[in-house]
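Order of the sequence lines sets the chain letters (A, B, ...), proteins ahead of strands, with each chain counted from 1.
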Amino acid sequence: MKFKIHNYFKRIFLLIPLLILIVYSSLFAGGAASRFSDEPIPLQLEGFPERPKPIIEIGQNPFLGNGPIDPGFETMTGAIWQPVFIVYGDYRTAVQTFDNGSGSNSEWVNNLNVFGNLYLTPTERILVGFTPLLEEGTFSGYDFEKDEYVNGFNESVQTLFFEGDFGEIFPLLDLQDFKHFDYGFSVGRQQLVFQNGIMINDTIDAIGITRSSLFAAGSNASRVTALFGFNEVHRDNNVRDRNAKLFALLTSADYNVWSYDLDIGYVDASIDTGGDGFYAGLSGTRRFGHINTTLSINSSIALDNESTAISDGTLFFGRFSLTPPYTHDLLYFNAFWGVDEYSSLARAPTAGGPLGQTGILFASVGLGNYGAALGNRADRAVGAAIGYQKIFNDRKSQVIFEFGARSDTDGSDGAATAIGTRFQHAFDQHMILVIDAFGGYRQRVDETFGLRTELRFKF
Amino acid sequence: MFKNNLFLVFLVTLIAITAVLKNVYSDSDDLLLDDGSNDLLSDSNSNDLLGGDSDDSLLKSSGDDLLGGESDDLLSGDSDSLLGGDESVNDLLATEDEPKKEATPKEVGADAHEALFLENKFPSATTCATCHPDHYREWSVSAHAYAQLSPVFNAMHATIVKQTTGTNGDFCIRCHTQVGMQLEEPVFMSNLDRHPTSREGITCIVCHRVNQNYGKVSGRTAIVEGDIFEPVYGPSGNTVLKEVLEEVSKYKVNTDRSKAGRNIHTEVVKLDAMTTSGFCGTCHDVNLLNGFRLEEAFSQFKNSPAAARGESCQDCHMGKIPGLKSGYDKAPAAIIGGNPTPERKRTNHMFAGPDYSIVHPGIFPHNTKAQELASLANWLEFDVEAGWGTDEFENNAPDDYKFPQSWKYIDDRYEARKILDGQFELLREIELQRYQILRRAIQLNEFVVKQYNDRGIKFGVKVVNGTDGHGAPTGFDAERLMVLEVTVTDASGKVVFRSGDRDPNGDVRDIHSSYVHNWELPIDKYLFNLQSKFLTLNVRGGEREQVLAVNYSLDPLPYIRPDSRSTILTARPFAARKQSRGLPPGSHRWANYKIKKSQLTKGPYKVNLKFYCQMVPVNLVKEIEGVGFDYGMSTREVAEGVVNGAQLIWNIDLPLNGEDKSIKLKPTEEEIMAPPSKKVKTITGEEKGTLTYNR
């Protein structure tokens, strides 16, 4: 394969401000001595952060705030409920330009995630969520290319579920606390992420039941979850299948060295919408000396005919990182190998493909049309990213510099490379500035680039 | 409308960068004062990933020297007196911008009124001590009583609050000082400035003024407010109190607010829940409101054989023998005016566990006489190590010896020493109970030689969780150090193999040791440590261990808010979790070791096994130093206190000769309960003590 590396250096000037920051922070960040200090350290009370209250807080007991606690009331089941309702979320706004080589897009985009959380107890809650500026992948804002406003207003409920602990809801069933009624459950429309978003990354109507703090299979701690999704399942092509049913058994277990997640799932769907599929994922995390290691394998099998919704395939993933001496930074290397066409069990319209964990160049920013510089689909492809995250300014600032590459394994799509960077800075208790930039080259479509500046407000 | 959209985005980006630089430099005070590793303006030069200056080369190896134990080593040599330095304690105790000042009489009067008002809402343990001196004595030295006074806790929770931009609020401290939080005290301040009842941590009323079973609420319970006359809540109800109130002439108690006398609560409300494990689970199952399962003691118990047998937390932790269901004592519930009340079931309120005090013995254990004699700040000035108040010191002290104003009178110093002698006795008492409960929790059961030849030696040690009620460790298991130290010596006594040893700060050689992290010491690849680990999801590159579970890799503004996903289904939030590495109830794990051919010298070899329990690793102390330590302590002083308090619960010498392939080590009940000073017969037939006292 032939790379025209010189092409994407034409726009490398875009990265200069961020490169300056990287060099600046690298040169001037200091290392701490290994030996602990003998100098007394007075309490650093000045400027200590106050609790940023949620924008709405209703109830006698403030959310994680000091002050008297209201005793609440006893329900008919014997549970003590202390209701507190809070509203929280985040707002993101960005100006960004993205050119994937075959077309460009420049836009001002916005998204608002608003959640209302009603705590009945610390274990029982009802969560409702809205995205009023996002409608089926369309973000509100302004499209500079088309010179028009974009309306993504959406008044519908995106999240609404109840979760709780059966034993806590019905304490009278076990007054002495010797029995096993501690079944956690969740029911309603909820976002589900399993296998780090590779296998499931979707918001669906589902009911799940969980047992945790188990010692199953010789583990130090384990969790078992049975899940049934009955509505709003999006298949691997990010398309909603109104009739698909999802069944999954999701487990995790900690051992002395390794920590595992083993998940299996099945989707029952009509052949017209893609057909049935079986899915399995296994991931393990451990440290080899200083090296953080996460390995995973995910497979999908089309039980009917292969389609865009489900096809046979396997995705191997390796993620490695290291915190260099004298720093809290991160040096990482991630690689994947997609055999055939791996399909996820469920993927939301905005979730893209399963490769986001490879690197910032493989993930969309989740806001507008600023996509993944190197794509995030894993079909018959190999790829890797190496990056460095510099954390500085008392952890208020960070910058990532990353190089990534991918290639198909069947000659269908060619190869692509890119360099990218992300800078983030927290201004106060609520606001983060995010700057992303990348420049790259994709075989057959020439160079690609992107630049964006985002403000994110948490509340 | 815009001819050059790219230029627009670029312009916005430049403006944003300018704003960042302005914001960074507006915080320049922080940057200049903070000596932390991320100080942009620090003149240190060792941050170069690939080596930097030769003096700071990452590949520099001086491991032998470091392992050899210089004088700085916390594990060797006597530590300096905690407060015996030259600096004025008052100077150290003053917080940055709050210099100490004398209170005016008016302020003193206002303080007295305020104290009285608060006493009427939240009676102090000292009030309870009047009639319940034995309960008070046990509680006063307990981890419950120490919970808020701990400088490690104070700095740790403040660090978490700071790193989460204030959003973690009162989550941690709500349990540690229920009264302080009810009083709306700031979540971070010096304990010296807290209300005295707030300093009592989990004081009497935190359990005995709770009137219902809240369930797994991570400590967010309501204390029923009221003065001493208001009802209290207990497992036995009103029976004994009724007898007392019927014999007013004998006990001389007063139930009338308008009269003076020996005031007493007018009712004991029976709260059945208080005898259940669920009552303990109110606090001892700690789940953050974002779904992070920090502590799972109660949840582990629910899945344990002990629960299946119908045993409760109280059976093992408030009974006769620490850690064993052994029945309860019978004793008076109260001693009123010297008259004991009728005997009844008597629970132990000492709650021996893995924690221990590292603060001045004048302020902990809680002591009513100590509180009457001097303030906490004054006690911190009392030089215990110098021998103040002992004949030896007082008879030989030079005339010009400089005493602080509060201790200038010799009578006061003698009185203080007398109090301290009692404090030391109490500390030894709980140290013994701690020792016994830890030996019951962790046992070495077997030693097996798997290979013994010219190619090397392989051997293993079977480590057993001696309890089947919960994991070992449990609770705050991500910060409990439970380490097996293994030392193999050859015929000449030379060490040929070692694992579980400490770095000069007192850390074991895992990746959180500053020396290991900075590549100045090798990682201990055979380290056997039952401590669980916090894992955070990196922006990329999988998960990494962190000392604290605040994830700052994903974005620079970590926020604690309810998760937008169900965390019950995942049992963890998306970006952080705990990898449990403790021993499940009743289980065991083999600690395996290999001595390479190149390490072999001349046998016969001997192996020494030491099992240490330490309340926290000292890398935690380093992680939390940024917010400062209470009582004017330095990072090293805190670390020294932590390391010196570690208990050596097993110390066994064994032959390593290839002939004894398997040696049973399972301790007898007598050995588990043996006091540390008692000579115990080891497997090699030697008579030796099993613990060196630290106090």
Side-chain angles (χ1 to χ4, degrees), chain A residues 17 28-32 34 36-38 40-45 49 51 64 66-69 71 80 88 95 97 106 117 122 144 147 163 168 177-178 184 186 191 208 210 212-213 215 220-221 223 225 254 259 292 294 319 321 324-326 332 392 395-396 424-426 429 432 451 453 458, chain B residues 1-2 5 9 12-13 16-17 20 37-40 42 44 46-47 49 58 92 95-96 165-166 169-171 181-182 184 214-215 217 222 276-278 296 299 307 505 514-515 518-519 540-544 552 556-557 559 561-562 565-566 568-569 571 579-580 584 627-628 632 634-636:
Chain A
F28 292 98
S34 297
F36 292 175
S37 170
D38 292 303
I41 306 173
L43 297 184
Q44 308 292 303
L45 300 176
R51 178 181 73 106
L64 296 178
N66 59 3
I69 283 186
I80 306 298
Y88 66 97
V95 288
T97 183
S106 297
N117 188 99
F144 295 128
D147 201 8
E163 67 175 347
E168 294 298 297
D177 279 311
F178 294 140
S186 176
Q191 188 186 12
T210 293
S212 55
S213 299
F215 304 105
N220 304 330
R223 183 261 305 154
T225 298
D254 290 342
S259 179
N292 310 303
T294 300
R319 290 176 282 165
S321 60
Y326 301 101
Y332 62 83
F392 56 103
R395 303 183 186 180
K396 291 178 184 170
Q424 295 191 87
H425 176 77
Q429 286 188 289
I432 308 171
L451 178 67
T453 297
K458 294 185 178 183
Chain B
M1 187 175 178
F2 293 99
N5 301 325
V9 178
V12 170
T13 304
I17 291 172
V20 170
S37 60
N38 289 314
D39 188 338
L40 289 177
S42 163
S44 300
S46 57
N47 205 36
L49 175 66
L58 301 180
L92 298 177
T95 50
E96 259 191 333
T165 332
D170 72 334
F171 181 80
M181 291 303 96
Q182 297 267 336
E184 299 187 58
Y214 284 91
V217 294
T276 68
S277 299
E296 299 172 271
S299 292
N505 290 325
S514 294
Y515 287 88
N518 294 335
W519 295 10
R540 294 297 185 277
E543 296 171 295
R544 69 173 165 184
Y552 49 85
L557 199 61
Y559 239 54
R561 289 284 190 259
R565 291 168 277 250
S566 165
I568 276 191
L569 296 187
Q579 181 183 359
S580 294
V627 297
S634 70
T635 306
R636 196 159 187 86

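For the set A/Gly208, A/Ser106, A/Pro71, A/Ser186, the entry with the most heavy-atom pairs within less than 4.5 Å of chain B is A/Pro71. Among A/Thr294, A/Thr210, A/Asn66, the residue with the largest count of heavy-atom pairs under 4.5 Å with chain B is A/Asn66. Heavy-atom pairs under 4.5 Å with chain B peak, among A/Thr225, A/Val95, A/Thr97, A/Asn292, at A/Asn292. Counting heavy-atom pairs closer than 4.5 Å to chain B, the top-ranked of the candidates A/Pro49, A/Ser212, A/Ala221 is A/Pro49. With respect to chain B, the highest number of heavy-atom pairs below 4.5 Å among A/Ser259, A/Gly184, A/Gly67, A/Ala426 belongs to A/Gly67. Interface summary for chain A: among B/Thr276, B/Leu557, B/Val627, B/Val217, the most heavy-atom pairs under 4.5 angstrom belong to B/Leu557. Of the listed residues (B/Gly542, B/Ala222, B/Gly278, B/Pro556), the one with the most heavy-atom contacts under 4.5 Å to chain A is B/Pro556. For the set B/Glu296, B/Arg544, B/Glu543, the count of heavy-atom pairs under 4.5 angstrom toward chain A peaks at B/Arg544.
Both the backbone and the side chain of A/Ser213 come within less than 4.5 Å of a heavy atom in chain B. The parts of A/Gln429 that come within reach of chain B are both its backbone and its side chain, each placing non-hydrogen atoms under 4.5 angstrom from that chain.
Going from atom OG of B/Ser580 over to atom CG of A/Asn220 covers 6.5 Å, rounded to the nearest 0.5 Å. To the nearest 0.5 Å, atoms OH (A/Tyr332) and CZ (B/Arg540) are separated by 6.5 Å. To the nearest 0.5 Å, atom OG of residue B/Ser277 and atom CZ of residue A/Phe178 are 5.5 Å apart. Between the CE atom of B/Met181 and the CG atom of A/Leu64 there is a distance of 12.0 Å, given to the nearest 0.5 Å.
Of the possible donor and acceptor atoms, none in the side chain of A/Glu163 sits under 3.5 Å from a partner among the backbone N and O of B/Ser566. Listed for the B/Asn518 side chain is no donor-acceptor partner under 3.5 Å among the backbone atoms of A/Pro325. Distance alone, capped at 3.5 Å, is enough to place a donor-acceptor pair between the B/Asn505 side chain and the A/Ser34 backbone.
Taking the ring centre of B/Tyr552 as origin, the terminal cationic atom of A/Arg395 falls inside the region bounded by 6.0 Å and 45° from the ring axis.
B/Glu184 has its side chain within reach of A/Pro68: a pair of non-hydrogen atoms, C-beta onward, lies under 4.5 Å apart.
In this structure B/Arg565 satisfies the side chain to side chain donor-acceptor pair (under 3.5 Å) test together with A/Gln191, sequence neighbours excluded.
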